[in-house]
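Okay, so here's the structure we're looking at.
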Amino acid sequence: MSNIETAFKSPSERERLIEALIAIVGEDFVLSSEDMRQKHSMDTLPENKICSLAIYPSSTSEVQAILKVARDFRCPVWPFSRGNNWGYGTKNALHENAIILILERMNRIIEVNEKLAYAVVEPGVSQKQLNDYLKKNKLKLWMDCTDSTPNGSVLGNSVERGYGYTPYGDHFAHLCGLEVVLPNGDILKTGGEHSNAKTWNTFKWGSGPFIDGLFSQSNLGIVVKAGVWLMPEPEDFQLFSFEINDSKNLPAAIDALRELSLDGIIQCHTHMVNSFQMMSLLDSYPYEKRGDNHYLSETTLSEIRSQFHLPEWSLIGGLYGSKKIAKIRKKSLKNKLGPLGTLEFFDENKINFVRRFAKFYENSSRNQLLFFLASLVKSVISPKPIKLIKLLPEIFDILKGIPNESILASAYFKSKTPPPAQELNPAQDGCGIMWLAPTLPALGSEAETILNIVKPIYQKHSFEFSGCFTLINPRTFFLLLGIFFDPSSNDEKKRAITLYQDLLFNLKEAGFYQYRLGLPSMENFLSHSPEHANFLLNLKASLDPENILAPGRYAKLTKELSK
Ligand SMILES: Cc1cc2nc3c(=O)[nH]c(=O)nc-3n(C[C@H](O)[C@H](O)[C@H](O)COP(=O)(O)OP(=O)(O)OC[C@H]3O[C@@H](n4cnc5c(N)ncnc54)[C@H](O)[C@@H]3O)c2cc1C
């Protein structure tokens, strides 16, 4: 068993380890000073674990050599592609003193096949890099991106089973063919394992047991290369927005989205946020309005809603395909969603008008007359705040796979300093945000049930409820629960943790399990499923007998902690 808690009690042992690692990647790529240890352990969660060092390999053979050294020194290694997993644990390990392995220097786009619509990438390839590559080379392919950072890793997000918005938004489902370094240093190619297979990146199943899933949300291997399916550029793309002003219509809307999705009318992953989560996109948290309370009262929230003209729930989705099909789809959407709220469509022309107008409005503030005119036009277009109007073209781009930082800025909601103009990094900038993402069957009645569970728990711990229903397949949503907290307040940090644990416990009891875990959820992972837990333990014991690779990740079980 690895030295999980006690790694490097002796300074000389640590020095020897650092020397051995420097011999592999060079001095510049082993960051072990106190400053660097702190920097690499910063997180948006209320608690973090200080690592021993961070290492940046540039090749698969270096990854293999690092694992060998880790085994020799019995020191745990935690792999990250680019390490931007904010809200779930960033690039923290579960225990102090781990080696943090960051693969961002392995950033080659190895191949893009336009006809078969896929790319083969290394873990360091960022969303921005892949999108820029497609655009620069005028390839008629779109990628799917998250609404997190453009610097996020295409592969890292996919192995963690992250989501975007387009029909290709289930990222793990669109990986095809993985190359993995196993804890013992062996290299494994999934998908049939024939080194000359022509369909490595086009046919997922290969032959024999399908094992790709073992390397997703796991601690059984380090993925160093993968095929990613891309979307052929559609003839037509339109964004649709849908607003529910009366919460009573929410269950019916959830049912309508299921039906539209099962019928193939909706093919994308719609996101529907509540008004509080929407506020986080518009302004900083109004601390001055909460008086002596820890949170904003219902009256204050409803005043803010009216001030910003915010509906109870706001949904965004995209229509992809031919113009003919778009017409049919729009009609179905109008029939099903129209009676439940306000539905609007935006094509490229309309969005360009919005984009130009938002720019004009902002620039006009320097000239009184222009500003008067701009305000007049704005009052005709929309009563909504200009920030919200400006957001729409940014979301339009995200739905086309063009990443930007517009949604990421919401992570700074409770931060006392505003987000920088660019290169946002909520962990380094000291923001407080945690996510929980329980899944639910796509039924209005289940949406009601889950809301009835979580809303009182938020209230009990004096936080405002923040939620987003994301359609992840025609039969399932997840409800992304945001816990925004003031990182400078110990009281809020403590309450954020108890809120998280309370939500986790009650959701599990009611049968709502998460699509992806944050570090604070690992502790009791599979507590309701001992057979599953044992199966994983046995696999881990056979593939990683020294328990070197990310011990406890998606597997925190007492057995593996015993020495
Ligand atoms: C405001 C905001 C919005 C967000 N929006 C989204 C969103 O739309 N969709 C979404 O999915 N997430 C979202 N996130 C969460 C997160 O920022 C993204 O998932 C981000 O892509 C993760 O960082 P990364 O891409 O650098 O991956 P990494 O942090 O490198 O990887 C994620 C995890 O996968 C594992 N891993 C990574 N690479 C490998 C590998 N090569 N081999 C084995 N294991 C590996 C690591 O253990 C790591 O913890 C959001 C967060 C915030 C704060």
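These numbers come from the heavy atoms of this one structure, side chains and all, not from hydrogens, waters or symmetry mates. Both ligands and their constituent atoms are indexed starting at 1 by order of listing.
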Applying side chain to side chain donor-acceptor pair (under 3.5 Å) to Asn473 and Arg258, what does each step give before you reach the verdict? CA-CA 9 Å; Asn473 67 43; Arg258 179 195 64 248; over 6 Å; no

Under 4.0 Å from a heavy atom of Gly221: give me the atoms of ligand 1 that qualify, with their elements. 43 (C)

For Gly152, counting its heavy atoms only, list the atoms of ligand 1 lying under 4.0 Å from any of them. 25 (O)

Polar proximity ligand 1 side, Thr90 side, N/O cut 3.5 Å exclusive: no

Roughly how far, to the nearest 0.5 Å, is CZ of Phe463 from CZ of Phe484? 11.5 Å

Ligand 1 atoms in contact with Leu103 (distance to a heavy atom under 4.0 Å): 41 (N)

Can you tell me if NZ on Lys39 sees more than 12 non-hydrogen neighbours from other groups inside 6.0 Å? no

Ser410 N/O under 3.5 Å from ligand 1 N/O: no

For Ile222, atoms of ligand 1 separated by under 4.0 Å from a heavy atom: 42 (N)

Mind checking whether Ser153 has an N or O less than 3.5 Å away from an N or O of ligand 1? yes

Is it possible for you to check whether Arg495 lies under 6.0 Å from the centre of the six-membered ring of Phe485, through NZ or CZ, and within 45° of that ring's axis? no

Given Asn157, Asn84, Leu424, identify the one with the heavy atom nearest to atom 10 (C) of ligand 1. Asn157

Any chance CZ of Phe535 has more than 12 other-residue heavy atoms, nucleotides or ligands included, within less than 6.0 Å? no

Salt bridge Glu96-Arg37, side-chain N to carboxylate O under 4.0 Å: no

In terms of side-chain heavy atoms, does Asn404 have a donor or acceptor partner in Glu394 at a distance below 3.5 Å? yes

I want to know if ligand 1 touches Gly83 in the polar sense, i.e. an N/O pair below 3.5 angstrom. yes

Ring geometry between His40 and Tyr56 (parallel below 30°, tilted from 30 to 60°, perpendicular above 60°): perpendicular

Any N or O of Ser81 closer than 3.5 Å to N or O of ligand 1: yes

Atoms in ligand 1 flagged as close to Trp86, the criterion being non-hydrogen separation under 4.0 Å: 15 (C), 17 (O), 51 (C), 53 (C)

Verify the neighbour count for atom CZ of Arg108: are there more than 12 heavy atoms of other residues, nucleotides or ligands below 6.0 Å? no

Gln127: heavy atom below 4.0 Å from ligand 1, yes or no? no

Glu111 vs Tyr118, test: side chain to side chain donor-acceptor pair (under 3.5 Å). Steps then yes/no. CA-CA 8 Å; Glu111 179 191 354; Tyr118 71 80; 3.1 Å; yes

Does Arg82, backbone or side chain, put an N or O under 3.5 Å from an N or O of ligand 1? yes

Taking 4.0 angstrom as the limit and counting only heavy atoms of Gly162, give me the atoms of ligand 1 inside it, by number and element. 11 (O)

Heavy-atom proximity to atom 49 (O) of ligand 1 ranks first, among Asn85, Asn92, Ile102, for Asn85

